[in-house]
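Shown next, in structure tokens, is the structure this report addresses.
Predicted model, so just to flag it, every value in this text is computed and none were measured. When a ligand or atom number is given, it counts from 1 through the structure's own listing order.
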Amino acid sequence: MRKNKIIAIDGPAGSGKSTTAKLVAKRLGFTYLDTGALYRALTLLALRNRIDLEAEGELVNLLKNSEFQLQTHSDQSRIWINGEEATGAIRSPEVSRSVSIVARHPAVRREMVQLQRRLASQADVVVEGRDIGTVVFPDADLKIFLTASLDARAQRRLKELREKGIDIALDELKVDIQRRDQIDSQRETAPLKKADDAIEIDTTRLTIEQQVDRILQAFRAVVQKQDENPRIRPG
Ligand code: DC
């Protein structure tokens, strides 16, 4: 039986997943795992190595032969690819535009799921992504699905990118986000979709604190139920 606790947070781009997941992890003393960062890291490597983004086998080889290290300290999460820091590089508009193409390949996803399960096996974790509650951890202790209007999501991404010194027009961002949502939710393997037993939270009009509080409340309820009836513990 699995001993560690898993909170799965899924949702489309800009729905507030990262900020929320990081804060939930911090409040609970859990590890934070950003699975999107792994797909981005592979995409960055493929672009740098001029690998055709449709060449599924080559992408899988690249993934198998690469080492990704993730680290989160207070609110900052960082990533190293084969020992080289790539925290900023994986957020570039070029990677953002290409990552959905890489993430569409079933064999890439299979390998990523194994990697994510390994990375999340050591400690209590908050895992964020698109298919965490449906595919990676269908037995998660708590599943959250975050949504928000396209406008709110684009505004959030704009602010995030501006803070990092990346300048992009709002309309361009909206088009990018819509395109990514479409590919992510229509792909055949593990599409972006709410798990039947996930709690959906529309964050359009919520503050980050409110989102975090709702999730913590839901988690406390789950733990209390598990304590009352240990047999319902998943895993
Ligand atoms: O969360 P993000 O925007 O950094 O994710 C980047 C892309 O990675 C996203 O467009 C879809 C893909 N992704 C995925 O397919 N499955 C996941 N579990 C996480 C991300």
Side-chain angles (χ1 to χ4, degrees), residues 6-22 32-47 53 56 59-60 63 68 70 72 76-79 81 86-120 125-138 140 143-148 150 152-154 156-161 164 166 168 173-195 198 203:
I6 296 177
I7 299 179
I9 302 186
D10 290 300
S15 56
K17 290 190 308 286
S18 301
T19 318
T20 310
K22 263 184 251 177
Y32 162 67
L33 176 58
D34 175 4
T35 61
L38 298 171
Y39 285 98
R40 285 173 176 274
L42 177 62
T43 305
L44 177 67
L45 267 180
L47 291 171
L53 301 185
E56 185 168 19
L59 290 170
V60 170
L63 177 54
F68 301 138
L70 294 158
T72 303
Q76 228 231 331
S77 54
R78 299 166 70 186
I79 185 162
I81 305 175
T87 307
I90 62 161
R91 307 276 159 201
S92 74
E94 201 194 353
V95 170
S96 298
R97 271 194 295 271
S98 309
V99 62
S100 285
I101 302 170
V102 170
R104 216 177 44 196
H105 299 297
V108 168
R109 301 201 68 85
R110 268 198 301 277
E111 202 57 39
M112 279 291 188
V113 169
Q114 299 306 323
L115 172 65
Q116 290 160 18
R117 287 184 181 152
R118 266 201 315 277
L119 289 172
V125 278
V126 178
V127 191
E128 71 144 286
R130 301 290 189 290
D131 60 341
I132 309 306
T134 49
V135 175
V136 186
F137 294 113
K143 298 179 189 178
I144 302 290
F145 194 81
L146 295 183
T147 59
L150 176 65
R153 295 191 287 131
R156 288 174 191 164
R157 269 287 143 98
L158 187 73
K159 188 164 165 268
E160 239 172 64
L161 290 171
K164 288 182 183 135
I166 298 173
I168 184 165
L173 256 182
K174 274 195 195 172
V175 172
D176 277 359
I177 290 180
Q178 255 177 325
R179 221 191 83 240
R180 207 134 66 87
D181 280 356
Q182 199 184 4
I183 302 177
D184 291 344
S185 39
Q186 289 177 2
R187 68 176 173 231
E188 271 179 32
T189 311
L192 166 67
K193 149 171 133 219
K194 177 185 162 300
T203 68

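Ionic pairing of Glu160 and Arg157 is present here: one or more N-O contacts between side-chain nitrogen and carboxylate oxygen are shorter than 4.0 angstrom.
Judged purely by atom type and a 3.5 angstrom limit, Lys174 has no side-chain atom pairing as donor or acceptor with the backbone of Ala154. With hydrogens and angles ignored, the 3.5 Å screen pairs a side-chain donor or acceptor of Arg179 with a backbone N or O of Arg97. Not one N or O on the side chain of Arg91 forms a donor-acceptor pair closer than 3.5 Å with the backbone of Leu161. Panel note: side chain Ser15, backbone Pro12; a donor-acceptor pair is recorded below 3.5 Å.
At a 4.0 Å cut-off, at least one heavy atom of Ser100 sits close enough to ligand 1 to count as contact. Heavy atoms of Arg104 stay at 4.0 angstrom or farther from ligand 1.
Counting heavy atoms under 4.0 Å from ligand 1, residue Arg91 touches it through the side chain alone. The proximity of Arg40 to ligand 1, defined as any non-hydrogen pair under 4.0 Å, is limited to the side chain. Residue Gln116 does not touch ligand 1, judged by heavy-atom distances below 4.0 Å.
Among all non-hydrogen protein atoms, the one lying nearest atom 20 (C) of ligand 1 is Gly36 CA, 3.5 Å. Scanning the protein heavy atoms around atom 16 (N) of ligand 1, the nearest turns out to be Arg109 NH2, 3.0 Å. When only non-hydrogen protein atoms are considered, atom 1 (O) of ligand 1 lies nearest to Arg130 NH1, 3.0 Å. In terms of protein heavy-atom proximity, atom 10 (O) of ligand 1 is closest to Arg180 NH1, 2.8 Å. Counting only heavy atoms of the protein, atom 19 (C) of ligand 1 lies nearest to Thr35 OG1, 3.3 Å. Atom 12 (C) of ligand 1 has as its closest protein heavy atom Ala103 CB, 3.8 Å.
Residue Asp184 has at least one nitrogen or oxygen atom sitting less than 3.5 Å from a nitrogen or oxygen atom of ligand 1, judged on distance alone. For Arg187, a nitrogen or oxygen atom sits less than 3.5 Å from a nitrogen or oxygen atom of ligand 1, counting backbone and side chain alike. By the 3.5 Å distance cut-off applied to N or O atoms, Tyr39 is not counted among the residues near ligand 1.
When the heavy atoms of Val99, Leu42, Asp131 are ranked by distance to atom 7 (C) of ligand 1, first place goes to Val99.
When all heavy atoms are compared, the tightest approach of Thr203 to Ala148 is OG1-CB, 3.4 Å. In terms of heavy-atom proximity, Gly133 sits nearest to Ala8 at N-CB, 3.9 Å.
Scanning for side-chain contact (heavy atoms from CB on, under 4.5 Å) contacts around Gln182 gives Gln186, with sequence neighbours left out.
Between Leu38 and Leu70 there is a side-chain heavy-atom pair separated by less than 4.5 Å. Between Val135 and Arg109, every side-chain heavy-atom pair lies at or beyond the 4.5 Å cut-off.
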